[in-house]
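First up is the structure itself, then whatever we jot down about it.
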Amino acid sequence: MLVRELLLFLQQITVSFTLTLRIHALYDRNWRLLGCMVIVGLALMGGASASSYSNNNTTTYIQGSDCHNAFTAKEAARHGLAWVAVFVYDLLIFVLMVFRTCKTRGFLRLSLSNRNIYGILFQDGAMYFAAMTLINVPNILTYYCGSDVTRGNLATLTGCMSVTLVSRLVLNLHKSTDNGIFSTAIRNDDPSLDVFTTSVQVVASSHN
């Protein structure tokens, strides 16, 4: 049980770190904003850790089952706070993304064009937030409104979906901004610009 909770905890740290880097890049590497986001993230992580892994937090196991666990209402409320913290941070990421993209491109122009980098970030970010909201909200509700058997049953699914979706964001951004995963960035005379090139191996075969 403890190993499972630690794995989920590490998964969400990795996902949040990746999303934070996207916002940091979107705001032209604003270090002050990054510092504020790190402070908020550490505060949420500290609160979630304190509530989930406190010394008096015990898990009640169902008799006759070695792989399934059940939480009491008090235990479930403490574990549910961790997923509430994840949702709050996802909401913060989404708000910052919408504010930046709409301020830079305008909502109308952004909705009409998805070929620019801001359109890609907005559409992928909106898709991620919508999908995670649809998954994480029922997950949170199981902790506070579910029965002893159903509490926390969606935690593993939520963690796996967050990793899968954020991986899709990274790969789609890489695919959309250059010629693919085999591209390498080289500097132009202007240090603020990146020129992407792709190395293609062509094998010529002769037919007799």
Side-chain angles (χ1 to χ4, degrees), residues 1-2 4-54 56-57 59 71-104 107 118 121-146 150-170 173:
M1 176 62 187
L2 181 60
R4 172 178 173 269
E5 296 293 332
L6 289 176
L7 287 177
L8 290 174
F9 188 73
L10 292 176
Q11 280 182 348
Q12 297 311 307
I13 290 179
T14 304
V15 170
S16 299
F17 177 75
T18 304
L19 295 176
T20 302
L21 289 181
R22 285 168 57 92
I23 296 298
H24 180 55
L26 188 62
Y27 277 80
D28 298 327
R29 293 178 293 181
N30 189 321
W31 292 100
R32 180 177 298 179
L33 176 63
L34 179 63
C36 294
M37 294 180 65
V38 170
I39 292 174
V40 173
L42 290 177
L44 292 173
M45 183 175 64
S49 301
S51 62
S52 299
Y53 304 109
S54 58
N56 58 352
N57 187 11
T59 303
F71 295 113
T72 64
K74 186 177 181 180
E75 294 166 357
R78 288 197 294 260
H79 283 276
L81 285 177
W83 292 107
V84 173
V86 171
F87 178 77
V88 171
Y89 196 77
D90 286 345
L91 180 61
L92 173 64
I93 293 290
F94 180 72
V95 171
L96 289 173
M97 181 201 65
V98 171
F99 176 79
R100 179 63 174 178
T101 52
C102 291
K103 180 180 179 181
T104 305
F107 183 79
Y118 290 101
L121 289 172
F122 178 81
Q123 290 186 0
D124 287 351
M127 180 211 68
Y128 174 85
F129 180 75
M132 286 307 303
T133 300
L134 292 176
I135 298 172
N136 197 14
V137 169
N139 176 45
I140 295 173
L141 292 178
T142 61
Y143 284 96
Y144 294 97
C145 303
T150 60
R151 288 176 183 139
N153 282 357
L154 296 178
T156 302
L157 175 63
T158 305
C160 293
M161 286 299 299
S162 64
V163 173
T164 303
L165 290 174
V166 81
S167 300
R168 189 262 180 192
L169 297 187
V170 174
L173 181 61

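In this chain, numbering begins with 1 at the start of the sequence shown. Computed from a predicted structure; not experimentally measured.
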### Query
Nearest heavy-atom pair of Ala48 and Ala82: which atoms, and what distance?
CB-CA, 3.6 Å

## Note on the structure
To the nearest 0.5 Å, atom OG1 of Thr133 lies from atom CG of Asn139 at 12.0 Å

### Task
Could you tell me whether the side chain of Ser16 and the main chain of Ile13 form a donor-acceptor pair under 3.5 Å?
no

### Query
For His24, does its backbone N or O pair with a side-chain atom of Arg29 as donor and acceptor, under 3.5 Å?
no

### Check against side chain to side chain contact (heavy atoms under 4.5 Å, CB included), Val15 and Tyr89
CA-CA 11 Å; Val15 170; Tyr89 196 77; over 6 Å; no

### Query
Can you check whether Leu42 reaches Ile39 side chain to side chain, under 4.5 Å on heavy atoms?
no

### Summary
To the nearest 0.5 Å, atom CZ of Phe87 lies from atom CG of Leu92 at 12.0 Å

### Query
Considering only heavy atoms from C-beta outward, does the side chain of Met127 approach that of Leu165 to under 4.5 Å?
yes

### Message
Using a strict threshold of under 4.0 Å (side-chain N to carboxylate O), is an ion pair present between Arg22 and Asp124?
### Response
no

### Task
Take Val88 and Val40 through the test side chain to side chain contact (heavy atoms under 4.5 Å, CB included) and record every step on the way to the result.
CA-CA 10 Å; Val88 171; Val40 173; over 6 Å; no

### Closest non-hydrogen atom pair, Tyr143 against Ala155
OH-CB, 3.5 Å

## Note on the structure
Heavy atoms of Asn30 and Leu33 approach each other most closely as OD1-N, 3.1 Å

### Query
Can you find a pair of side-chain heavy atoms, one from Leu121 and one from Leu173, that are under 4.5 Å apart?
yes

### Task
Compute whether any side-chain donor of one residue and acceptor of the other, for Gln11 and Ser162, lie under 3.5 angstrom apart.
no

### Task
Answer yes or no: is there a side-chain heavy-atom contact under 4.5 Å between Leu19 and Met97?
no

### Interatomic distance, Thr18 atom OG1 to Ile23 atom CD1 [nearest 0.5 angstrom]
12.0 Å

### Query
So, do Arg168 and Tyr128 sit near enough that their side-chain heavy atoms are less than 4.5 Å apart?
no

### Message
Could you walk me through whether Leu154 and Ile135 satisfy the side chain to side chain contact (heavy atoms under 4.5 Å, CB included) test, starting with their C-alpha distance in whole Å, then the side-chain angles of each, then the deciding distance to 0.1 Å, before giving a yes or no?
### Response
CA-CA 8 Å; Leu154 296 178; Ile135 298 172; over 6 Å; no

### Task
Quick one: pull up OG1 in Thr158 and CG in Leu134 and give me the separation to the nearest 0.5 Å.
11.0 Å

### Query
Would you call Met45 and Phe9 a side-chain contact if the rule is heavy atoms closer than 4.5 Å?
yes

### Task
Output, in order, the C-alpha distance, side-chain angles, deciding distance and verdict of side chain to side chain contact (heavy atoms under 4.5 Å, CB included) for Met37 and Ile93.
CA-CA 9 Å; Met37 294 180 65; Ile93 293 290; 3.3 Å; yes

### Query
Given side chains that start at C-beta, do those of Tyr144 and Val84 come closer than 4.5 Å, heavy atoms only?
yes

### Query
Is there a side-chain contact between Tyr27 and Leu96 (heavy atoms, below 4.5 Å)?
yes

### Message
Using 0.5 Å steps for rounding, measure from the OG1 atom of Thr156 to the CE atom of Met161.
### Response
13.5 Å

